[in-house]
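Position 1 is the first residue of the sequence; numbering continues from there. For ligands, and for the atoms within them, numbers begin at 1 and follow the listed sequence.
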Amino acid sequence: MKVKFLPMDVEHEVKPGQSILDLAQQNNLHIQSVCKGIPSCAECRVYLKEGETNVIPPSDQELDLIGTAYFVDQRRLSCQLKCFGDVTVDLTEQLEKQENHRDKIIDNNQRFKENSHARLGNILDEQE
Ligand code: FES
């Protein structure tokens, strides 16, 4: 059985009982995970695009985290998402999160450099 990951449009063979998060990480596809699948962070949500009938329904523990929105938008916790047939999941939201995180790091580094330069500049100015 296969899992197709969008928007990359790549497919990987999934083992019985293996979570989508585990499969993605095994294949270097980014899905954010803070709790490593406890589940408690809800950061690992993915859209289940196809194969709704090929996945194990969300547990009460998962529903406590994702709420009933799942029934509307088909977003599941990838650490809890296990399938018994082919499925397609969309990682677009995960890629956007990764991009936003990267932008924040770049902004913070830029701010740090500017602040450091400003402080160093003040010290140099005082020495003159
Ligand atoms: S990795 Fe934290 S809830 Fe899935």
Lys/Arg-Asp/Glu bridge criterion (N-O < 4.0 Å) met for Arg76, Glu62: yes
Exercise: do Gln61 and Gln80 side chains pair donor with acceptor under 3.5 Å
no
One finds that the ligand 1 atoms under 4.0 Å from a non-hydrogen atom of Cys44 are 1 (S), 3 (S), 4 (Fe)
Looking at side-chain heavy atoms only, is the closest gap between Lys49 and Gln74 below 4.5 Å? no
Donor-acceptor under 3.5 Å (Asn27 side chain, Leu23 main chain): yes
shortest atom 3 (S) of ligand 1-to-protein heavy-atom contact is with Ala42 N, 3.3 Å
Contact flag Cys41/atom 2 (Fe) of ligand 1, N/O/S atoms, threshold under 2.8 Å:
yes
A student checking ligand 1 against Pro39 at a 4.0 Å heavy-atom cut-off should list atoms 3 (S)
_Any N, O or S atom of Cys79 closer than 2.8 Å to atom 4 (Fe) of ligand 1_ = yes
Counting from 1 in the order shown, the ligand 1 atoms closer than 4.0 Å to a non-hydrogen atom of Gly37 are 1 (S)
Within 4.0 Å of some non-hydrogen atom of Ser40, the atoms of ligand 1 are 3 (S)
Check whether any N, O or S atom of Cys35, backbone or side chain, sits closer than 2.8 Å to atom 2 (Fe) of ligand 1. yes
* Any donor and acceptor pair, going by atom type alone, linking the side chain of Gln98 with main-chain N or O of Leu95 inside 3.5 Å? -> no
| query | Does some side-chain heavy atom of Val72 sit less than 4.5 Å from a side-chain heavy atom of Tyr70? | reply | no
